[in-house]
Amino acid sequence: MLLASAFAAAFVALNAVQVSADLGVSFHHLKDVRDQLTFAPYTPEQKTFVASQAQELMNVYVHSYIKKDTYGVDANAGIADIVAKAASMDDQTFHYSLAKLFLSLRDFHTNYYIPGSHSCFRFLGPFVFDFVASQNPEKNPVVAVRGITEHPEFLAVMPDAVKSVKPGDVLISVDGKPFYKYFQEIAAMTGGANAYGGQRGALSLLQSRSGKLYPAPEKDEITFQFKRGVFGKPFTVKVPIVAYANNNCLADAPGSTYQNLLPVDIDRTPKLDLDWKRPLGLTPEMEDPLAADLFPTKFAQLKYQPTKSSIVGWTIYQPKTTNLGVIRLSSFVENGDNTGGELCKAAIRDLLVNELKDASAVVIDVRSNGGGWISLGEGLTQFFAADFRPGTARALISKNNELIFVNNSAAGEDWKASYLGAKPGDKYSVPIPFTSFEKANDVGQVWLKPVGILTDANCYSSCDIFSAAMQDNRAGIVFGEDGTTGAGGANVITHSSNLVPYAPTVYRKLPYSEQAGRLGISDMRVGWRQSVRTLLHKGELIEDTGIISDAIIRPTIGDITGDRSGRLSQFEYIAARLKTEGLLKMKQNRFFKSSFDMLHATTGAKLSFSYEAQNIRRLELRDQANKVLGTSTPANYFRRATGSLASSVAPTELGYFTYHIYGYDLYNSQVLKTRRQAVIVPLATDFLTVNKGTTFEYGVTDGRKFVGIYNAGTKPTDGWQVKGKSITTGTANGATYADDVDTSLSIFAKLVAGVPARLSADITYDTEVDYDYLYVTVKKVEANGKGETQELYKVSGKGAEKKEWTIDGLEGNVEISFRFTSDGGVATPGCTIQNIRLSA
């Protein structure tokens, strides 16, 4: 958004440079705008209130014990001291005190957002740094320049000496100190949870820091010393720290001196639209990705092809004889996707059996991935490991958590039971998984050849969880640019989006938050439920430790400068290591592909799954009771062969059914377990014909041939339960419905032209308003299982109604459905439908 003329004039006086309209920001020397770094004005009472809310936040902070043990930081004592002094503090001292205390916990999940125009600014240097290969990467890391900003307006406020710095130049010192000593002095401010995370954080602070999370730098400039090459002469560059401000934020932030100088049409659209009801684990920087546009990316070395998912790209690294598939996964959350990552899962799943099917191995690059949906972090591992076991999580035993989990059941019945399962004296609730075993294995194995993941200490939160899942399930090799991942072991919740609605008697809105989405106001985040590893590292925590790399492979100077003729040492190493892995474990060339689409079949017809396979001797088809229904022997073991795996038994019931395909090698060892689904509908001749005089009453008229319950990824006990003439939602505990339910009662009918059909039912509902819904729909049934759907009814909340609908204008076979869906978390009694009647 362009600057208003009055605002531009004010900044011209400060020698600022206006930036392009798409960024809506302007650059200044920090020394020239320090007086513009204002704070939201709080009364003494408001300061005490906000500090007290931070104190209540720490009451649910799941890492409070281990942070005290590991770093000697007593969060509760620190907050208590601020509460006692808050009323007498000036605005800057108050907000900086809270921000520094939160930062000292070295936990990117637990943050205090500084309110006012201060939060609208970022503080920048022109260089992008990276670690390069060295003898002792933890204690004596070598830092080199990866790149320099190419933004012309940014460079315009930089001294000419900056242009003398080239990619590959080695950093000797920062303000006269070697990098490691510089890092040690600021370790408590980096936010990094361990040595590697802290060092990555220190590099990031030299490039960019957010005024929302960090106090402004104390110095106005930084002196860097570099050298070029092994024998290069050291040279010094003094760089002013640059500040840039987002205009929308400046126009909106409380206490901002520019509120009256900017347009009133403020864009409050969040950069990342998050559904905070789903378990999330991500760094706060992911919610403000603007700064990434100012700097060159290290991932430009490979040219990635796009997919339907905006967070997934792919390429094949194949200089000379190398044939390595590379999947770039930049995040575990996708803007606009509130399915928990299904679009991303589908993109990676399809890549593995299509574009990358001839690659000898695959590596998933998750460097600098700040996390996102935990369900996605856990849901990808199943592609590489049979019967994947997700990790677990636990919550702190505290009075506020008891209110949230037990009294208010705000996290669902499973977490209520977890909390109540703790014994007297326990510090934590009983560990339970975020993702059920069934959900975590809803597809099964897809890739049977060697796989690795490439991480660094900026791989955080859900990225940590994914890395742990791959390592704990022995699904792949963890290659790391650092010795560990970022060590963010929790799901994160916010004060405003989660705690206020979860426990409104304790957590109350912070100052200036009356207007939804207002920019530049305070908020807080906290690590709430702690991740606990399983299998190979059973019982170990991710927090502070991270996932230890199986091999550390940092780039060389030659990788940065491009002196290796297109070859990249890290990917060369990965390709060679995975090739050896394939030979040792006899995985080379193993392949299986069968359509992921739902198989549509009718009662009485035998099921058949087409496939393509290699290095698999025998296939078995099994039902949900693990009974073998059919077998197939691929025509050729050593080469790709096609075939079909058919069931010897025809289904007789309507509904969704899950089948497992097992594969065995020459030695009869299991090498494959994958899942496919089929939907069984009536024969066309079994549809209920609705003509004049027809009357069907559910529970009275025999409808077994044309009425069925369809549970999509839902346990039968959690779906519709039949009770005589009524159906009611399944209950998790005898009182409320389960999480993530998708269940339908479907009536298959044949409508006669010119004869309107009448559908009626008595409905009672009590669901979480605006999240859990009852739908009544009618869908045209086509041969491929598709067809246009017409919504007759949709309701959420609480009530009771007698409903009647006229279905007119449709002819032929239709599916009339009563569908109930729920998300995770809050649950209520659900829905009961009685007296379902279809007539004409």
Distance only, no hydrogens: is a donor on one side chain within 3.5 Å (strictly under) of an acceptor on the other, for E768 and T828? no

What verdict does the side-chain hydrogen bond (donor to acceptor under 3.5 Å, both in side chains) test give for D337 and T339, after you've listed the backbone C-alpha separation in whole Å, the side-chain angles of each residue and the deciding distance to 0.1 Å? CA-CA 6 Å; D337 174 21; T339 66; 2.5 Å; yes

Side-chain donor-acceptor pair under 3.5 Å between D772 and Y737, yes or no? yes

Between Q677 and D442, is any side-chain donor less than 3.5 angstrom from a side-chain acceptor? no

So, D523 and S496: side-chain donor and acceptor under 3.5 Å apart, yes or no? yes

Which atom names give the shortest non-hydrogen contact between N711 and G719, and what distance separates them? OD1-CA, 3.3 Å

N/O donor-acceptor pair under 3.5 Å between T736 side chain and P829 backbone: no

Any side-chain donor paired with an acceptor under 3.5 Å for T381 and N473? no

Carefully, step by step, assess L403 and N400 under the rule side-chain contact (heavy atoms from CB on, under 4.5 Å). CA-CA 5 Å; L403 178 65; N400 288 0; 5.5 Å; no

L599 side chain reached by L607 side chain, heavy atoms, under 4.5 Å: yes

Gap separating the CZ atom of R819 from the CD atom of E791, nearest 0.5 angstrom: 10.0 Å

Closest approach of T695 and T701, non-hydrogen atoms and distance? O-OG1, 4.2 Å

Taking the six-membered ring of F405 as reference, does the cationic atom of K416 (NZ for Lys, CZ for Arg) lie under 6.0 Å from its centre and within 45° of its axis? no

Without swapping roles, check the side chain of T307 against the backbone of V312 for a donor-acceptor pair under 3.5 Å. yes

Evaluate the ring-ring contact (aromatic ring centres under 6.0 Å, His included) criterion for residues Y507 and Y502: first the C-alpha distance (whole Å), next the side-chain angles of each, then the deciding distance (0.1 Å), finally the verdict. CA-CA 8 Å; Y507 299 101; Y502 288 174; 9.4 Å; no

Without hydrogens or angle criteria, can the side chains of S429 and S418 be said to hold a donor-acceptor pair below 3.5 Å? yes

Should N691 and K750 be marked as a side-chain hydrogen bond (donor to acceptor under 3.5 Å, both in side chains) after you check the CA-CA gap, both sets of side-chain angles, and the distance that decides it? CA-CA 9 Å; N691 208 338; K750 181 178 181 180; over 6 Å; no

Closer than 4.0 angstrom, basic N to acidic O: yes or no for K802 and E804? no

Any donor and acceptor pair, going by atom type alone, linking the side chain of N441 with main-chain N or O of F437 inside 3.5 Å? yes

Without swapping roles, check the side chain of T494 against the backbone of S497 for a donor-acceptor pair under 3.5 Å. yes

Residues, nucleotides or ligands: over 12 heavy atoms within 6.0 Å of K399 NZ: yes

Is a side-chain donor-acceptor pair under 3.5 Å present for S632 with Y611? yes

Would you check if V795 and Y775 make a side-chain contact, meaning some heavy-atom pair closer than 4.5 Å? no

With the side chain counted from C-beta on, respond yes when L751 and N813 share a heavy-atom pair under 4.5 Å apart, and no when they do not. no

In Å and rounded to the nearest 0.5 Å, what is the CG to NZ distance from L448 to K593? 14.0 Å

Checking the side chain of S331 only, and the main-chain atoms of G372 only, is there a donor and an acceptor separated by less than 3.5 Å? no

Is R675 atom CZ crowded by more than 12 heavy atoms from other residues, nucleotides or ligands, each under 6.0 Å away? yes

Just by distance, with hydrogens left out, do E815 and S746 show a side-chain donor and acceptor under 3.5 Å apart? yes

Find out whether the Lys NZ or Arg CZ of R622 is both under 6.0 angstrom from the six-membered ring centre of Y662 and within 45° of the ring's axis. yes

Hey, does I709 have a side-chain heavy atom less than 4.5 Å from the side chain of V722? yes

For R349 against V446, the heavy-atom pair lying closest together: O-CG1, 3.8 Å

Student check: side-chain heavy atoms of F820 and W720 closer than 4.5 Å: yes

Taking atom types as modelled, is there a side-chain donor on Q624 or Y659 under 3.5 Å from an acceptor on the other? no

I747 side chain reached by F696 side chain, heavy atoms, under 4.5 Å: yes

Steps toward ring-ring contact (aromatic ring centres under 6.0 Å, His included) verdict (F687, F706): CA-CA 6 Å; F687 277 54; F706 54 84; 8.8 Å; no

Validation row: S309, E334 side chains within 4.5 angstrom (heavy atoms): yes

Do R529's NZ or CZ and the ring of W415 fall within the cation-pi criteria of under 6.0 Å and 45°? yes

Under 3.5 Å donor-acceptor, T714 side chain and A712 backbone: yes

Could you walk me through whether E378 and T435 satisfy the side-chain hydrogen bond (donor to acceptor under 3.5 Å, both in side chains) test, starting with their C-alpha distance in whole Å, then the side-chain angles of each, then the deciding distance to 0.1 Å, before giving a yes or no? CA-CA 7 Å; E378 293 185 324; T435 309; 2.5 Å; yes

Do I836 and I727 have side chains that approach each other closer than 4.5 Å (heavy atoms only, starting at C-beta)? yes

If you round to the nearest 0.5 Å, how far is CG of D770 from OG of S796? 5.5 Å

Keeping the roles fixed (side chain from T767, backbone from G797), state whether a donor-acceptor pair exists under 3.5 Å. yes

Answer with yes or no whether the side chains of T674 and R676 bring together a donor and an acceptor at under 3.5 Å. yes

Quick check: does any side chain N or O of S594 sit under 3.5 Å from a backbone N or O of S610, one acting as donor and the other as acceptor? yes

Rounded to the nearest 0.5 Å, the OG atom of S726 sits from the CG atom of D762 at a distance of 10.5 Å

Looking only at atom types and distance, does a side-chain atom of D623 sit under 3.5 Å from a main-chain N or O of N626, one as donor and one as acceptor? yes

Lys/Arg N to Asp/Glu carboxylate O, D387 vs K673, below 4.0 Å: yes

Between the OH atom in Y698 and the CD1 atom in I833, the distance rounded to the nearest 0.5 Å is 10.0 Å

Mark yes when over 12 heavy atoms from residues, nucleotides or ligands other than K803 sit less than 6.0 Å from its NZ; otherwise mark no. yes

Ring centroid separation F434 to W373 under 6.0 Å: no

Using side-chain hydrogen bond (donor to acceptor under 3.5 Å, both in side chains), reason through N498 and W528 one step at a time and then give a plain yes or no. CA-CA 11 Å; N498 301 100; W528 188 34; over 6 Å; no

What are the two closest heavy atoms between V814 and V778, and how far apart are they? CB-CG2, 3.9 Å

Between E342 and K345, is there a salt bridge with N-O shorter than 4.0 Å? yes

CG (L621) and OG1 (T631) are apart, to the nearest 0.5 Å, by 9.5 Å

For residues Q790 and L810, report the shortest heavy-atom separation together with the two atoms involved. OE1-CD1, 4.3 Å

CD of E788: more than 12 outside heavy atoms within 6.0 angstrom? no

Please report the closest heavy-atom contact between Y710 and I680, naming both atoms and the distance. OH-O, 2.7 Å

For S822 and V741, indicate whether the former's side chain and the latter's backbone hold a donor-acceptor pair under 3.5 Å. yes

